[in-house]
2 protein chains.
Amino acid sequence: MKKQRQDRLLKLLEQNPLVTDEELAGILKSSVSTIRLDRAVLAIPELRERMRRMAQKASSRLRSLKEEEIVGDLLELEPNRWALSALQTRKDMAFRHTDALCDHYVYAQASSIAIAVVEADFVMIDSMRGQYKQRPRIGDVLLARAKVGIHKEDKYIVSVRTRVGEKEIFVGRFIAAVIHSGGSSE
Amino acid sequence: MKKQRQDRLLKLLEQNPLVTDEELAGILKSSVSTIRLDRAVLAIPELRERMRRMAQKASSRLRSLKEEEIVGDLLELEPNRWALSALQTRKDMAFRHTDALCDHYVYAQASSIAIAVVEADFVMIDSMRGQYKQRPRIGDVLLARAKVGIHKEDKYIVSVRTRVGEKEIFVGRFIAAVIHSGGSSE
DNA sequence: CAGTTATTAGTATCAGGTGCTAAACGGAGG
DNA sequence: CCTCCGTTTAGCACCTGATACTAATAACTG
């Protein structure tokens, strides 16, 4: 049947966009013409166009994947006082194949903002404790707010609360340490 | 001069690998033939090959980011008792441009193994506390060992210790909850 | 059975190349 | 001056993974 084939086509290309029409024809046991026709109907661009787009995305976005998307966008920051960050969750952050978010993304956002809120070049987390309240769903935008509490010498206590709308997701407390680069590292 | 042109060629392609020979010829004010010759000498692959590589890197990295590389490989597992996982750290896991590992990778591995060690389909972290001991370096292989402690009903206490060789990196304690899929999710 | 839709084959064409050959340029040495 | 040699360029045949189009065939539907 036509629809089944087109569904399979979509799934195949989602899994691996770098397949030629010929290969697809082989997998779906139909002719190259049919594949092309299906692609035209489904508005799927040709292999080269798909490659081009991925490559472009890669060059522009892979760089930012490091310290933006995983970690959230810093919305507001008042150093050594408080900060606010937003994390748009995506389907690839899901726990297995559910629509529940992996807890380590919540943690990553929280820990990152805890580090960001402390005004120093090199800050690392010493220890933490936290509690997950309600489970965020894929697609939710996580808003994390960090507040700096008391600090002694180079240790700062930072509280982080993460919400989705009115829903409380995570509450945690981090001890962030300022590392003075006297010794190693660049 | 020949060398200057080839240097410029390399720089141009580093900045933007998605340029055709024709465009390069225009920029460098020489013929397409010359560009091809230079590329051959410098062992620079053609546009399509460059695109293909970037796209592959993008897709392989995006896919593996999910539940393999971030989270480590499960080496041994005795359900509801203990488990061992290894995480090979890469330069893109670094904190800014240093050779220190971001703490959330350590956390992700620890939390993942804590979830994996509990024998149930759907397990999530309820709360955690932990302490980072020494800082791992990029390239280190993190070995995380999880031990299941006491459990009441659906809550399991899981201790995780992460090491690099003899060096202790992280010690933590997670409370993992088994979620009975009565209600939502697949 | 005809009529319609779905599938396939086949041809010409395109972009962005490779690989090869041949020609033109351009400066140094005899 | 010409000759030699490295450099640059032009031209052509060919490749892949497509597009666009036509025509033929297969498969159902009433």
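Just so it is clear: chains get the letters A, B, ... in the order the sequence lines come, proteins before strands, and each one is counted from 1.
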> Is the shortest side-chain N/O distance from B:Arg36 to OP1 or OP2 of D:dT9 below 4.0 Å?
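Answer no for this pair, as no side-chain N or O of B:Arg36 is under 4.0 Å from OP1 or OP2.
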> Is any side-chain heavy atom of B:Pro45 less than 4.5 Å from a side-chain heavy atom of B:Arg53?
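Yes, their side chains come closer than 4.5 Å.
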> Starting at atom CD of B:Glu22, determine the distance to atom C1' of D:dT9, rounded to an integer number of angstrom.
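Taking atom C1' of D:dT9 as the reference, CD of B:Glu22 is at 15 Å.
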> Provide, to the nearest angstrom, the distance between the CD atom belonging to B:Gln6 and the C1' atom belonging to D:dT8.
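In whole Å, D:dT8 C1' and B:Gln6 CD are 12 Å from each other.
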> Quick check: any donor-acceptor pair below 3.5 Å linking the side-chain of B:Ser33 to the base of D:dA10?
yes
> Check whether any side-chain heavy atom of A:Ile113 lies under 4.5 Å from a side-chain heavy atom of A:Leu74, and answer yes or no.
yes
> Provide a list of protein-nucleic acid N or O atom pairs under 3.5 angstrom, restricted to nucleotides 26-30 of chain D.
none

> Nearest whole angstrom, please: distance from the C1' of D:dG17 to the CZ of A:Arg50.
10 Å
> Report the distance from atom CZ of B:Arg48 to atom C1' of C:dG17, rounded to the nearest whole Å.
5 Å
> Given the side-chain rings of B:Phe95 and B:Tyr105, with only the six-membered ring counted for Trp, is the space between their centroids under 6.0 Å?
no
> Rounded to the nearest angstrom, tell me the gap between atom CE in A:Met51 and atom C1' in D:dG17.
9 Å
> A:Leu24 has an atom CG; how far is it from atom P of D:dG17, in whole Å?
12 Å
> Select base, sugar-phosphate, or nothing to describe what B:Arg5 touches, counting heavy atoms under 4.0 Å on all strands.
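Sugar-phosphate, backbone atoms only, no base.
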> How close or far is atom P of D:dT7 from atom NZ of B:Lys3, stated in whole angstroms?
11 Å
> I want to verify a distance call: between C:dA6, C:dT8, D:dA18, whose nearest atom is closest to the A:Ser31 side chain?
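Nearest listed nucleotide: C:dT8.
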> DNA chain D: B:Ser30 or A:Asp21, which has the more 5' nearest nucleotide?
B:Ser30
> In terms of side-chain geometry, is the basic nitrogen of A:Arg39 or A:Glu46 positioned less than 4.0 Å from the acidic oxygen of its partner?
no
> State, to 0.1 Å, how close B:Gln88 and B:Gly139 come at their nearest heavy-atom pair, and which atoms those are.
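Here B:Gln88 and B:Gly139 meet closest at NE2-O, 3.2 Å.
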> Please state how far atom CD in A:Glu23 lies from atom P in D:dG17, giving the value in whole angstrom units.
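To the nearest whole Å, that distance equals 8 Å.
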> Heavy atoms only: give me the nearest A:Ile138-A:Met93 pair and the separation to one decimal.
CD1-C, 4.1 Å
> For the pair B:Glu49 and B:Arg52, find out whether any cationic side-chain nitrogen is under 4.0 Å from an anionic carboxylate oxygen.
yes
> Any side-chain N or O of B:Arg39 below 4.0 angstrom from OP1/OP2 of C:dT18?
yes
> Any side-chain N or O of B:Thr34 under 4.0 Å from OP1/OP2 of D:dT8?
no
